[in-house]
Amino acid sequence: MRISPLTAAAAMAFLTAPLPLTAQEPAAARPTNTPLAIVGATIIDGNGGPPLADGTLLIEGNRITAVGPSLSIEVPEGFQVIDGAGRYVTPGFIDTNVHLSLYSGHETLVRYQDRNAALTLEAAQMQLKHGFTTVRDSYGSLLPLMEIRDAIARGDTVGPRMLVAGNIVGWGGPWSISFSVIRQQGLTLFQEQFNDFITQGSGEEWMEMEPEELRAAVNEYLDLGPDFIKYGGTGHFSNPVMIGFSPEAQRVMVEETHKRGLIAETHSTSPEGLWMSVRAGLDLIQHPEVLTKEMPDALVAEIAERGIVCSMLANTITGEAWERHLERRESSEGGDEEAGSRRRDGLEKTSAEMRAERRAQGEGMEIRRRNAEKLIAGGCVTTIGTDNYLGAAPEFRREKKLENQSFGFGSVIATEGLVELGMTPMEAIVAVTRNGAIASGMLDELGTLEAGKFADVLVLGANPLEDIANIRALEAVIRDGRIVDRDALPYERIFSTPGKGHAWE
């Protein structure tokens, strides 16, 4: 029996609360959009061509009205002029896979269930603080996500443009086989209700549906208001990988999503599961590099030929994360000598023991990195999808959260990681601007600096084409034509901590 989304929402109404007044900007205090002119900057427009030295960019309302050589553009009276000399201007950056809301962790959910919307806003504002003017949330609590998305869109508060999916359809919520390999037996009432709150009628029961019933279910879910569909082509975890939907069922979900003009994407972590999703006609693959084995060359070529966007977890396989892996691999290569000395003579290792050894040596991470490099070298349309997530509340953590999946700063690390994986700095900037807009289905509105597009603009104090790490030299963020007060973000700190500006404990 299908669970009604409205019934699930009503049953869990206590899990959402109105946006707290402390997190809102009073309407009377909000400035009108002052026309802006950035004059004399080096403009990197996001299309991948040579940068424009001594360029001028004009903004009126929330749109770019002109961009070109300073000699050819006259700044009208009444414009606020920003001196761009020695500065570098890019489109606002885009992260295509974040998790802004609460969706797991029993203790954290119980304590903070009434603050889900406020935590979502805090996380979103941390993304904006670091120059990510658009984010796509591909899994989480749909109702608070839509609440914050809509509040930002109305101008009730400040944040990045948000596109949200809610549940990964076909999965059963945080306490389920498909999401966390937990059987739905012996759960508390709270856990069962929260599963329903996450799925909104789109859980594991979808895997049992006939095509026409599935068509109806997809449309019922889309009627709730998500911006795109992400479906579980396989289960969440990689060992073992279970295929979630037949080829026909996947085509049905993609077709119904496309009828609404929306993006359809998948989580599929085995080669066969990913082949099925690719052939279903989808638009985007989340973390395509996360497979159980090295990706076949033919699959790389198929993804590239179809122009399917590859949203990569570059932040988890490069930089300090990769350095830590190399250190662990070196320390584990000798194995447990003491345990080995006690082992019975002639006893062969079981398959489980051998898998455990490979995991200890980081085999999975090395497969991911090789796959990412292959996809980039194969010319696939690539962008970042960091999986930046809230996780446990600070008081429930034994260790501080790693920076590479902290909101905003983890996205910066991911962008830098693209260069480590084989891109040029220019290609990395295109990946998080133009390609991010393609992933969002919004290339006609954002992602490049062109007249008529939304005025989401970054001003950097150093040249990112010389060193991609210069994206950290962020001097100004313009979102929808307004200069963002980055120092004021986030408006309310609940899980984040002040300091370097990106700490998330």
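Every heavy atom of this structure was used, including side-chain atoms; hydrogens, water molecules and symmetry mates were not. All residue numbers refer to positions in the sequence shown, counting from 1.
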Indicate the atoms forming the closest heavy-atom contact of A372 with E289, along with that distance. N-CB, 3.7 Å
Which atoms form the tightest heavy-atom contact between A439 and I263, and what is the distance? O-CG1, 3.7 Å
Pairing of R215 and E212 as salt bridge, 4.0 angstrom limit: yes
d(Q286 CD, S277 OG) to nearest 0.5 Å is 12.0 Å
Just by distance, do the side chain of T269 and the backbone of V290 share a donor-acceptor pair under 3.5 Å? no
Do I285 and S268 have side chains that get closer than 4.5 Å, going by heavy atoms? no
Side-chain donor-acceptor pair under 3.5 Å between E122 and S496, yes or no? yes
Once you round to the nearest 0.5 Å, how far does CG of N404 lie from CD1 of I317? 11.0 Å
In the structure I gave you, are the side-chain heavy atoms of F132 and I384 within less than 4.5 Å of one another anywhere? yes
Verify, without hydrogens or angle tests, whether E256 (side chain) and A216 (backbone) share a donor-acceptor contact under 3.5 angstrom. no
Is it true that a side-chain atom of R486 and a backbone atom of K129 form a donor plus acceptor pair closer than 3.5 Å? yes
Indicate yes or no for a side-chain donor-acceptor contact from N195 to the backbone of T199 under 3.5 Å, with no hydrogens or angles considered. no
Taking the side chain as every heavy atom from C-beta outward, state whether Q184 and Q191 have any pair of such atoms under 4.5 Å apart. no
May I ask you to check whether over 12 heavy atoms, not counting those of E210, lie within 6.0 Å of atom CD? no
Partner of N97 under side-chain hydrogen bond (donor to acceptor under 3.5 Å, both in side chains), chosen from N388, T383, D387: D387
Intermediate values then yes/no, side chain to side chain contact (heavy atoms under 4.5 Å, CB included), E416 and T318: CA-CA 9 Å; E416 296 169 348; T318 60; over 6 Å; no
Quick check: does any side chain N or O of D283 sit under 3.5 Å from a backbone N or O of E265, one acting as donor and the other as acceptor? no
For residues T234 and S270, is any side-chain donor paired with an opposing acceptor at under 3.5 Å? no
Do N315 and T386 have side-chain atoms, one donor and one acceptor, less than 3.5 Å apart? no
Using the six-membered ring wherever Trp is involved, compare the ring planes of F179 and Y139 and label them parallel, tilted or perpendicular (cut-offs 30° and 60°). parallel
Mind listing the closest non-hydrogen atom pair of E492 and A118 along with its distance? OE1-CB, 4.2 Å
Could you tell me whether the side chain of D95 and the main chain of V135 form a donor-acceptor pair under 3.5 Å? no
CA sep, side-chain torsions, deciding dist, call: S141, I198, side chain to side chain contact (heavy atoms under 4.5 Å, CB included): CA-CA 5 Å; S141 300; I198 289 290; 3.5 Å; yes
Q250-Y231 side chain donor-acceptor pair, cut-off 3.5 Å: yes
Atom CE of M276 and atom CG of L282: how far apart are they, to the nearest 0.5 Å? 12.0 Å
Could you tell me whether a side-chain N or O of T120 sits under 3.5 Å from a main-chain N or O of L145, the two making a donor and an acceptor? no
Side chain proximity check, V98 to R136, heavy atoms < 4.5 angstrom: no
Aromatic centroids of F190 and H106 separated by under 6.0 Å: yes
Does I494 offer a backbone N or O that forms a donor-acceptor pair with the side chain of Y112 under 3.5 Å? no
With E366, the side-chain hydrogen bond (donor to acceptor under 3.5 Å, both in side chains) member among R358, Q361, R329: R329
Side-chain touch V218/E255, heavy atoms, less than 4.5 angstrom: no
Nearest 0.5 angstrom please: K230 NZ to T257 OG1, how far? 14.0 Å
Give me each pair satisfying salt bridge (Lys or Arg N to Asp or Glu O under 4.0 Å) with a member in residues 178-192, each pair once, sequence neighbours excluded. none
Using ring centroids (six-membered ring only for Trp), state whether F495 and F407 fall under 6.0 Å. no
Could you point out which residue of S411, P425, P464 forms a side-chain contact (heavy atoms from CB on, under 4.5 Å) with I471? P464
Parallel, tilted or perpendicular: ring planes of F197 versus F194, cut at 30 and 60 degrees: tilted
Where do R306 and E302 land on the salt bridge (Lys or Arg N to Asp or Glu O under 4.0 Å) test, with the steps shown first? CA-CA 6 Å; R306 290 174 177 263; E302 183 96 2; 2.9 Å; yes
What's the separation between atom CD1 in I308 and atom OG1 in T266, rounded to the nearest 0.5 Å? 10.0 Å
Does R493 form a side chain to side chain contact (heavy atoms under 4.5 Å, CB included) with M126? I'd like the steps, not just the answer. CA-CA 10 Å; R493 289 191 181 272; M126 291 295 284; 4.3 Å; yes
Considering all heavy atoms of both residues, which atom of I376 and which atom of G422 are nearest to each other, and what is their separation? CG2-C, 4.4 Å
Thinking salt bridges, do R149 and D137 make one under a 4.0 Å N-O criterion? no
Flag side-chain contact, heavy atom, 4.5 Å: T292 against I367: no
Of all heavy-atom pairs linking L214 and W206, the shortest is CD1-CE3, 3.7 Å
H325 side-chain N/O to A321 backbone N/O, donor-acceptor pair under 3.5 Å: no
Has E305 got more than 12 heavy atoms of other residues, nucleotides or ligands less than 6.0 Å from its CD? no
So E357 and E363, side chain to side chain contact (heavy atoms under 4.5 Å, CB included) or not? Walk me through it. CA-CA 9 Å; E357 287 182 355; E363 177 191 57; over 6 Å; no
Tell me if a side-chain donor or acceptor on Q127 pairs with a main-chain N or O of P160 at a distance below 3.5 Å. no
CD1 on I94 to OG1 on T415, rounded to 0.5 Å: 11.0 Å
Closest non-hydrogen atoms of Y491 and Q125, given as atom of the first, atom of the second and distance, are N-OE1, 2.8 Å
L460 side chain reached by N470 side chain, heavy atoms, under 4.5 Å: no
May I ask you to check whether over 12 heavy atoms, not counting those of E320, lie within 6.0 Å of atom CD? no
Flag the pair L421 / L375 as yes when at least one side-chain heavy-atom distance between them is below 4.5 Å, and no otherwise. no
